[in-house]
Enquirer: 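Encoded as structure tokens, here's the structure I'll be asking about.
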Amino acid sequence: MAGTKEIKTHIDSVKDTKKITNAMYLIASTKLRKARSDLDSVRPYFDALRAEIKRIFRTAGDVESPYFYPYDHDVHPLDGTFGCLVITADKGLAGAYNQNVLKEAEKMLTEHPDTKLYVVGEYGRHFFAQKGIPIEKSFLYTAQNPTMDRAREISSILLDAYDKGTLKKIFIIYTDLKSSISSEAKQTRLLPFHRSHFDEQIPGEKAFDEPIEFVPSVEAVLNNVMQSYISGFIFSALVDSFCSEQNARMTAMDAANDNAEKLLGELSLEYNRVRQAAITQEITEVSAGAKAQKIQRLKRAQRKKEVCTT
């Protein structure tokens with residue numbers, strides 16, 4: 001059984017760890033609020049872009065664009081090399097956040113081996129390096145604090161490969177924060193789009209019947225708008241993943257704090273039990289020593305009495 005000194009050292013260690021986990025919880029909650037605010041501030045802009053794309057299709061329904069499936073795609077499916085943007089965190093301590101994303105990536109590689117990986121996040125880079133899986137492009141900046149500039153850079157690289165025909169389809173694997181208690185690792189096709197993707201009603205959308213003039217052409221306008229929309233989609237996925245990471249870290253740190261409290265209670269109980277046992281042992285030893293001395297005194301007194309009698 002451990003002594004009081006070892007238990008006291010263990011208690012101090014748990015208290016120090018609890019301070020760290022509590023600080024990480026507070027930092028994650030602050031980052032989560034800021035990221036959600038950033039996402040809410042840009043969402044109306046991309047909702048407006050989506051509304052404009054819908055207006056283009058209503059005005060010129062037969063418009064062709066490389067960013068959409070052709071009308072006969074069911075007859076002639078698109079095969080070839082796929083591109084996949086995988087969004088992970090830079091570090092762990094976030095529950096199963098990174099593992100869920102990487103499971104989706106491995107699943108996609110199994111189903112379609114001819115897939116080039118584009119990775120955001122140090123955790124993902126380290127994982128694929130350990131597995132010996134080649135990475136086409138690793139974005140070396142941190143996954144923390146995503147910005148539109150970074151989203152545009154990623155979008156530019158992916159679109160360049162897509163426009164050249166190097167990639168036939170582009171997917172994105174990220175974590176969707178459904179609520180404060182629920183998140184899900186998702187695999188979403190980024191390109192090409194189905195036209196039906198823009199048929200959904202946007203809240204607050206107004207119908208416009210006025211004719212639209214496209215300069216220089218409807219195809220050029222649509223392609224230009226789609227590039228901005230794709231950048232926005234990637235930015236949304238980056239922020240959504242960042243929010244999910246912070247939420248997962250908050251949950252993990254909250255669980256760690258609860259476990260630390262439980263462990264401290266058990267250690268305190270054990271410490272008191274061991275200390276009480278030590279005190280009882282000391283009292284027993286003192287009592288036994290006093291009793292032994294009393295017996296010795298009685299024996300000496302008895303011997304003296306016997307000597308005097310003789």
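The first residue in the sequence is number 1, and the count goes up from there. Treat the numbers as computed from the prediction; the structure is a model and nothing was measured. Scope of the values below: all heavy atoms of this structure, side chains included, with no hydrogens, waters or symmetry mates.
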Enquirer: Under a 4.5 Å cut-off applied to non-hydrogen side-chain atoms, are Val101 and Ile87 in contact?
Expert: no
Enquirer: Run the numbers on Ile170 and Leu85 for side-chain contact (heavy atoms from CB on, under 4.5 Å), then give the verdict.
Expert: CA-CA 8 Å; Ile170 298 178; Leu85 175 64; 5.7 Å; no
Enquirer: Side chain to side chain contact (heavy atoms under 4.5 Å, CB included) with Ala28: which residues, sequence neighbours excluded?
Expert: Gln246, Arg249, Met250
Enquirer: Check the side chains of Ser244 and Thr175 for a donor-acceptor pair under 3.5 angstrom, ignoring hydrogens and angles.
Expert: no
Enquirer: Just wondering, do Glu122 and Lys91 contact through their side chains at under 4.5 Å, heavy atoms?
Expert: no
Enquirer: Which pair of heavy atoms, one from Pro146 and one from Leu238, lies closest together, and at what distance?
Expert: CB-CB, 3.7 Å
Enquirer: Is it possible for you to say whether Tyr25 and Ile27 belong to one hydrophobic cluster, with membership spreading through side-chain heavy-atom contacts below 4.5 Å?
Expert: no
Enquirer: So Thr251 and Tyr97, side-chain contact (heavy atoms from CB on, under 4.5 Å) or not? Walk me through it.
Expert: CA-CA 11 Å; Thr251 302; Tyr97 168 78; over 6 Å; no
Enquirer: Is there side-chain contact between Cys243 and Val239, with heavy atoms separated by less than 4.5 Å?
Expert: yes
Enquirer: Calculate, to the nearest 0.5 Å, the distance between atoms CD1 and OH belonging to Ile173 and Tyr118 respectively.
Expert: 14.0 Å
Enquirer: Going by salt bridge (charged side-chain N to carboxylate O under 4.0 Å, His left out), name the pairs with one or both residues in residues 10-30, residues two or more places apart or in two chains.
Expert: Lys8-Asp12, Lys18-Glu261
Enquirer: Could you note down all residue pairs passing salt bridge (charged side-chain N to carboxylate O under 4.0 Å, His left out) where residues 93-110 supplies at least one of them, sequence neighbours left out?
Expert: none
Enquirer: Can you tell if the side chain of Phe242 reaches within under 4.5 Å of the side chain of Lys34, non-hydrogen atoms only?
Expert: no
Enquirer: Restricting to non-hydrogen atoms, name the atom on Ala151 and the atom on Ser231 that form the minimum distance, rounded to 0.1 Å.
Expert: CB-O, 3.6 Å
Enquirer: Would you call Lys262-Asp258 a salt bridge at under 4.0 Å N-O?
Expert: no
Enquirer: For Arg125, which of Val120, Val119, Val86, Leu117 qualifies under side chain to side chain contact (heavy atoms under 4.5 Å, CB included)?
Expert: Val119
Enquirer: In terms of relative ring orientation, are Phe233 and Tyr174 parallel, tilted or perpendicular, with 30° and 60° separating the classes?
Expert: perpendicular
